[in-house]
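Take a look at the structure below.
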Amino acid sequence: MLFLADLPYPLHGMSNVNKKMLEKLKFHCDDVKVINTSPSYFSKYFNTKLWVACKIIHSIIVFAKLFNFFIKGERIVYRPIMGGIGQVYDCIYLLLARIFRARIVLHHHSFQYLNEKKRLFSFLKFIAGPDAEHVLLGPEMLLPLNKYYAIREGQCVVVSNLCFFDVENVDVRVNATVTIGHLANLCYDKGVDYFCSLYEVSEKNAGHFKFVVAGPYADKETKALIEASISNNFEYHGPLYGEAKDIFYNGLDVFLFMSKYKNEAEPLVLYEAAQQGAFLIGTNRGCMASVIEKFGGLVVNPEQINMQELYALIEEKRKNGCFGFAQKKTRSQIFKRIKSEGDKVLDELIASFT
């Protein structure tokens, strides 16, 4: 089969998942051909005007490699779909795959073309053909794909990004003071303003909570908001990676992720927090609702709930022992069970490539 995807570098959510998917494929399949559709050798120019020129030149090289593989007999193509204007490249590659009558497997990572109908993806879907297969992050992707693009349920399989996590032995930790956390590329779109507002409400109510936040600042407004909140009950930890990030999650009782980002898909931070036993609270953007509900968390509509009401709900959970050892251990075990179930689905998909 042919693995046609953006791989690191640059390193971002989609390229990281692509890399892990490739590792899974290579482990199970004997013959995986790889074409990196990202000009990684020019990654230092990412998000600059020069990057666009690099991408165009690189796409010509990709097209030539793709043509060569098809000439040699490759007939299965796995392609993670880009969002927005990047689908122009997808259309070019998929047209060649269609001409050679290849089996096309499309992996969806974005809601950019699912929140509303987009002509570019309609064209991409036409090029891919009625027999193209679609890999979804969650069930929330199915309805818009059917509604806007007439893609049938039988063409789709749900493979959560949870499948690409490593299962770890977690020592659940219970805190003397209930700790509410938030980790993201800190900005208003990811809900940092709600987090700080909840902290303000907690302080006014002399709450039993501690607030901790981590991640890089996305803008000056967010930095000013966080710095104005720092106190004995509010800590900022900066960007965290590896073991330091695991320790951060392990110290949480509640993970608050009130994302407003319109193209939110399946944020990995929800799984990272749930693996450590944290109680999840978030919005219903993208695939977030089904993720949060699997772990018995709380899905809220920020337009219909104020922070005083949310504070009262968390306080009620605290009184009912929701953040105790047994409950946190249960959420950590749910993580392992859901991952095991997802791994079976992914293994079946990969088996179909051999």
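Numbers for residues simply follow the sequence, beginning at 1.
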- Assess the side chains of Asn18 and Asp6: does a donor N or O sit below 3.5 Å from an acceptor N or O? no
- Arg101 atom CZ, neighbour heavy-atom count above 12 within 6.0 Å: no
- With His182, which of Phe248, Tyr236, Tyr194, Phe257 fulfils ring-ring contact (aromatic ring centres under 6.0 Å, His included)? Phe257
- Task: Kindly determine whether Leu106 and Leu124 satisfy side-chain contact (heavy atoms from CB on, under 4.5 Å), including the steps that lead there.
- Result: CA-CA 11 Å; Leu106 306 179; Leu124 186 155; 4.1 Å; yes
- Decide if atom NZ of Lys33 counts as having more than 12 heavy atoms of other residues, nucleotides or ligands within a radius under 6.0 Å. yes
- Message: With a 4.5 Å cut-off on side-chain heavy atoms, are Leu268 and Phe165 touching?
- Response: yes
- Check the surroundings of atom CD1 in Ile71: do more than 12 heavy atoms from other residues, nucleotides or ligands lie under 6.0 Å from it? yes
- Is there a side-chain contact between Val158 and Val345 (heavy atoms, below 4.5 Å)? no
- Flag side-chain contact, heavy atom, 4.5 Å: Ile180 against Ile281: no
- Message: Using a 6.0 Å cut-off, check whether atom CG of Asp171 has over 12 heavy atoms from anything other than its own residue.
- Response: no
- Task: Starting from the C-alpha separation in whole Å, work towards a yes-or-no answer on side-chain contact (heavy atoms from CB on, under 4.5 Å) for Val212 and Leu252.
- Result: CA-CA 8 Å; Val212 292; Leu252 303 184; 3.4 Å; yes
- Item | Expected output: side-chain Ser340 to main-chain Lys336 donor-acceptor under 3.5 Å | no
- Are the side chain of Asn161 and the backbone N or O of Val17 linked by a donor-acceptor pair below 3.5 Å? no
- Message: Checking the side chain of Asn146 only, and the main-chain atoms of Leu142 only, is there a donor and an acceptor separated by less than 3.5 Å?
- Response: no
- Task: Please name the residue in the list Gln155, Arg103, His107 that meets the side-chain hydrogen bond (donor to acceptor under 3.5 Å, both in side chains) test with Glu133.
- Result: Arg103
- Item | ring-ring contact (aromatic ring centres under 6.0 Å, His included), paired with His58, selected from Tyr45, Tyr41, Trp51 | Tyr41
- Query: Atom OG of Ser197 and atom CD of Gln308: how far apart are they, to the nearest 0.5 Å?
  - Reply: 12.0 Å
- SB check Lys319 Glu316 (cutoff 4.0 Å): no
- Item | Any donor-acceptor N or O pair under 3.5 Å, side chains Gln112, Asn263 | no
- Is the side chain of Asn306 donor-acceptor paired with the backbone N or O of Glu309 at a distance under 3.5 Å, no angle test? yes
- Query: Can the positive tip of Lys55 be found less than 6.0 Å from the middle of the six-membered ring of Tyr89, inside 45° of the ring normal?
  - Reply: yes
- Query: Do Tyr78 and Ile350 have side-chain heavy atoms sitting under 4.5 Å apart?
  - Reply: no
- Taking every non-hydrogen atom, the tightest pair across Tyr113 and Tyr149: O-OH, 2.5 Å
- Item | Side chain proximity check, His237 to Leu183, heavy atoms < 4.5 angstrom | no
- Message: Looking at Lys24, I'd like to know if its NZ atom is crowded, meaning that more than 12 non-hydrogen atoms belonging to other residues, nucleotides or ligands lie closer than 6.0 Å.
- Response: yes
- Query: Do the non-hydrogen side-chain atoms of Tyr249 and Phe255 ever get within less than 4.5 Å of each other?
  - Reply: yes
- Are any side-chain N or O atoms of Ser229 and backbone N or O atoms of Leu225, one a donor and one an acceptor, separated by less than 3.5 Å? yes
- For this output row, return yes or no: ring centroids of Phe353 and Phe3 closer than 6.0 angstrom. no
- Query: Is a side-chain donor-acceptor pair under 3.5 Å present for Thr179 with Arg173?
  - Reply: no
- Message: For a 4.5 angstrom cut-off between non-hydrogen side-chain atoms, does Asp90 reach Arg79?
- Response: yes
- If you measure from NZ on Lys220 to OG1 on Thr222, what distance do you get to the nearest 0.5 Å? 12.5 Å
- Query: Any side-chain heavy-atom pair from Phe279 and Lys328 closer than 4.5 angstrom?
  - Reply: no
- Task: For the pair Thr330 (side chain) and Ala326 (backbone), establish whether a donor and an acceptor sit closer than 3.5 Å, ignoring hydrogens and angles.
- Result: yes
- Checking side-chain contact (heavy atoms from CB on, under 4.5 Å) for the pair Cys322/Arg331: CA distance, chi angles, key distance, verdict? CA-CA 11 Å; Cys322 184; Arg331 288 188 284 270; 3.8 Å; yes
- Say whether, by atom type as modelled, one donor and one acceptor occur between the side chain of Lys223 and the main chain of Tyr217 under 3.5 angstrom. no
- Any side-chain donor paired with an acceptor under 3.5 Å for Tyr199 and Ser231? yes
- Glu116 with Lys118: basic N within carboxylate O range, under 4.0 Å: yes
- Message: If you count every heavy atom of other residues, nucleotides or ligands that lies below 6.0 Å from Asp166 atom CG, does the total exceed 12?
- Response: no
- Message: Could you check whether Arg337 pairs with Glu341 (Lys NZ or Arg NE/NH1/NH2 to Asp/Glu carboxylate O, under 4.0 Å)?
- Response: yes
- Message: Would Val170 and Gln275 count as a side-chain contact (heavy atoms from CB on, under 4.5 Å) here? Give the steps.
- Response: CA-CA 8 Å; Val170 175; Gln275 184 178 23; 4.1 Å; yes
- Item | CD (Glu243) with more than 12 external heavy atoms under 6.0 Å | no
- Atom NZ of Lys329: over 12 foreign heavy atoms under 6.0 Å: yes
- Query: Cut-off 3.5 Å, side chains only: do Thr37 and Tyr93 have a donor facing an acceptor?
  - Reply: no
- Task: Any chance you could measure Asp219, atom CG, to Asn185, atom CG, to the nearest 0.5 Å?
- Result: 9.0 Å
- Query: Any donor-acceptor pair under 3.5 Å linking the side chain of Asn36 with the backbone of Leu7?
  - Reply: yes
- For this output row, return yes or no: ring centroids of Phe209 and Tyr311 closer than 6.0 angstrom. yes
- Ignoring hydrogens and angles, tell me if any N or O in the side chain of Lys190 forms a donor-acceptor pair with the backbone of Tyr261 under 3.5 Å. no
- Message: Any side-chain to backbone donor/acceptor pair from Gln327 onto Gly321? Under 3.5 Å, distance only.
- Response: yes
